[in-house]
Amino acid sequence: MNANPNIVILAGGVGPERDISILSGQALSDSLSQYYHTRMVDLTERSLPAGLCPENDLIFPIIHGEFGEDGDLQALLDKAGLQYCGSGTEASRLCMNKQKAKECVFAEGVRVPRGLEFSSPSQLCSEEIIQEFGNDLIIKPIDQGSSVSLFLSSGEDELKMTLAKINSGNWLLEERIFGRELTIGILDEHTLGIVEVIPTGGVYDYQRKYTPGSTEYRFPAVIDPQTEVEIKDFALKSYQCCGCRDFARVDFMICDDGHAYFLEINTLPGLTQTSLLPKSASSSGYNFDQLTQKLVLPGINRFGGIPVNGKTPHAA
């Protein structure tokens with residue numbers, strides 16, 4: 001096997017985050033091409049591109065959401081015998097399902113918002129929902145990222161109107177936690193700096209994530225030492241219990257009382273100029289090129305047969 005693999009970046013995809021994935025892939029390609037033979041492939045269907053070679057190619061998937069973070073792409077790579085960067089099939093599937101990920105981290109003592117998953121909005125009783133979870137709620141797809149189709153409601157009337165807007169599918173309804181939104185990157189089981197996200201209008205939705213100037217970022221976040229310790233502890237516990245590897249980004253909300261609540265794990269976080277993982281890494285002293293080399297290194301080690309964190313090269 002070639003000890004110096006080609007880095008093949010799979011970007012694009014078939015989901016609603018396709019355009020952002022292309023931007024992430026291009027940024028990753030521009031950086032890694034300074035050090036490795038790198039090429040980017042724009043995926044336009046749910047299949048692997050032709051010509052990938054297990055003996056020469058290390059795959060770096062950077063497809064956000066559908067057919068990227070849901071484990072389907074990783075399953076195809078496993079079947080083809082291809083080494084790749086990022087979490088394996090089962091961890092990707094678990095983290096993509098926000099409710100299952102919440103249940104997993106809650107079992108490890110990580111604080112999570114109360115909520116429920118549902119498929120048919122017509123089967124929910126608005127009055128009962130309000131009684132159980134309170135007036136202020138968030139409704140979002142259970143298995144998509146980047147705040148695609150994020151809905152907020154306050155009170156029973158708004159909840160009824162919101163439920164009338166959405167179609168059957170995989171949905172998560174949660175109590176809305178008011179406070180400060182924070183996120184933290186993890187590189188190979190080491191926590192990075194904490195970033196505070198302050199969107200205009202108070203909601204970090206798809207538009208505010210990817211429109212320059214629509215959100216203020218503070219990195220490192222200004223928080224008390226006790227809260228910082230808790231967030232880093234919660235982040236690493238979440239990463240480990242969900243079986244993640246190589247890198248990830250974990251999102252939290254902090255209430256006014258200082259308690260941190262887990263929101264979700266992003267196994268293939270964005271790498272655009274407005275993305276959060278590079279900001280988290282910057283808070284720990286990494287520039288973008290140093291970050292991308294750290295992102296790819298565990299995959300290169302597995303490709304070359306070098307155990308990573310005591311795991312065999314083929315461990316998912």
Side-chain angles (χ1 to χ4, degrees), residues 5 7 9 24-25 27-32 34-36 38 58-64 68-69 74 83-88 91-92 94-95 101 105 108 110 145 182-197 217-221 223 228-252 260 262-304 306-311 313 315-316:
I7 310 297
I9 299 167
S24 290
L28 185 63
S29 178
D30 291 345
S31 177
L32 289 179
Q34 301 174 83
Y35 313 99
Y36 307 97
T38 305
L58 172 66
I59 312 304
F60 199 127
I62 195 62
I63 296 174
H64 311 311
E69 290 181 273
Q74 288 78 7
Q83 290 287 352
Y84 54 92
C85 301
S87 292
S92 299
L94 172 59
C95 293
V105 305
E108 295 298 313
V110 177
L182 303 176
T183 190
I184 180 171
I186 297 179
L187 281 180
D188 201 19
E189 304 203 13
H190 299 283
T191 55
L192 299 175
I194 300 173
V195 180
E196 182 172 6
V197 179
Y217 303 98
R218 295 178 183 170
F219 53 102
I223 54 178
E228 180 177 356
V229 169
E230 180 175 75
I231 288 176
K232 290 186 173 182
D233 176 60
F234 278 3
L236 196 55
K237 281 181 177 177
S238 301
Y239 177 93
Q240 291 172 336
C241 77
C242 288
C244 299
R245 71 178 189 188
D246 296 0
F247 53 84
R249 204 194 75 232
V250 191
D251 299 340
F252 293 91
F262 167 91
L263 297 180
E264 64 178 296
I265 300 180
N266 301 269
T267 54
L268 291 177
L271 292 172
T272 70
Q273 61 178 330
T274 60
S275 294
L276 295 170
L277 180 59
K279 291 178 171 63
S280 178
S282 173
S283 299
S284 292
Y286 296 103
N287 64 33
F288 190 75
D289 289 339
Q290 291 169 331
L291 169 62
T292 61
Q293 290 181 75
K294 285 285 188 179
L295 295 176
V296 78
L297 181 59
I300 289 176
N301 287 340
R302 283 192 298 273
F303 184 93
I306 301 173
V308 180
N309 291 325
K311 299 176 183 177

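Between the side chain of Ser280 and the backbone N or O of Gly185 there is at least one donor-acceptor pair closer than 3.5 Å. The main-chain N or O of Gly86 is found under 3.5 Å from a side-chain atom of Arg245 such that the two form a donor-acceptor pair. Of the possible donor and acceptor atoms, none in the side chain of Thr191 sits under 3.5 Å from a partner among the backbone N and O of Ile186. Within the 3.5 Å criterion, the main-chain N or O of Leu268 finds a donor-acceptor partner in the side chain of Glu69.
Taken to the nearest 0.5 Å, the NZ atom of Lys232 stands 12.5 Å off from the NE2 atom of His190. Between the CG atom of Leu236 and the SG atom of Cys241 there is a distance of 10.0 Å, given to the nearest 0.5 Å. Atom CD1 of Ile62 and atom OG of Ser24 lie 5.0 Å apart (nearest 0.5 Å). With rounding to the nearest 0.5 angstrom, the CG atom of Leu291 is 9.0 Å from the OH atom of Tyr286. Between the SG atom of Cys242 and the CD atom of Glu108 there is a distance of 9.0 Å, given to the nearest 0.5 Å. Taking OG from Ser238 and CD from Glu264, the interatomic distance works out to 11.5 Å, rounded to the nearest 0.5 Å.
When all heavy atoms are compared, the tightest approach of Cys85 to Pro61 is O-CD, 3.5 Å. Nearest heavy-atom pair, Gly270 versus His64, reported as atom, atom and distance to 0.1 Å: CA-CE1, 3.5 Å. Closest heavy-atom contact between Ser284 and Gly193: OG-N, 2.9 Å. Shortest non-hydrogen contact noted between Phe288 and Pro278 is CE1-CG, 3.9 Å.
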Check the pair Ile231 / Ile223 against side-chain contact (heavy atoms from CB on, under 4.5 Å), numbers first and verdict last. CA-CA 10 Å; Ile231 288 176; Ile223 54 178; 4.3 Å; yes
Please assess Arg302 against Asp246 for the test side-chain contact (heavy atoms from CB on, under 4.5 Å), listing each intermediate value before the final yes or no. CA-CA 11 Å; Arg302 283 192 298 273; Asp246 296 0; 2.6 Å; yes
Using the rule given for side-chain contact (heavy atoms from CB on, under 4.5 Å), can you reason through Tyr217 versus Leu276, listing the C-alpha separation, both sets of side-chain angles and the distance that settles it, and then say yes or no? CA-CA 9 Å; Tyr217 303 98; Leu276 295 170; 3.4 Å; yes
Please test Cys244 against Thr267 for side-chain contact (heavy atoms from CB on, under 4.5 Å), starting from the C-alpha separation and ending with a verdict. CA-CA 7 Å; Cys244 299; Thr267 54; 4.2 Å; yes
Could you please spell out the steps behind the side-chain hydrogen bond (donor to acceptor under 3.5 Å, both in side chains) verdict for Thr292 and Ser31? CA-CA 7 Å; Thr292 61; Ser31 177; 2.7 Å; yes
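For Asp289, there are no salt bridge (Lys or Arg N to Asp or Glu O under 4.0 Å) partners, not counting sequence neighbours. Residues passing the ring-ring contact (aromatic ring centres under 6.0 Å, His included) test with Phe262, sequence neighbours excluded: none. Scored by the salt bridge (Lys or Arg N to Asp or Glu O under 4.0 Å) test, Lys279 finds no partners at all (sequence neighbours excluded).
Residues Tyr35 and Val296 fail the side-chain proximity criterion, which asks for heavy atoms closer than 4.5 Å. Taking 4.5 Å as the limit, some side-chain heavy atom of Phe247 sits within range of a side-chain heavy atom of Pro269. Phe252 is not listed as a side-chain neighbour of Ile194, based on a closest heavy-atom distance of 4.5 Å or more. The side-chain heavy atoms of Leu295 and Leu277, taken from C-beta on, include a pair separated by under 4.5 Å.
For the residue pair Ser275 / Thr272, a side-chain donor-acceptor distance below 3.5 Å is found, with atom types taken as modelled.
Here the options are Leu28, Leu32, Leu58, the test is side-chain contact (heavy atoms from CB on, under 4.5 Å), and the partner is Thr38; only Leu32 passes.
The ring of Phe303 has its center no closer than 6.0 angstrom to the ring center of Phe60.
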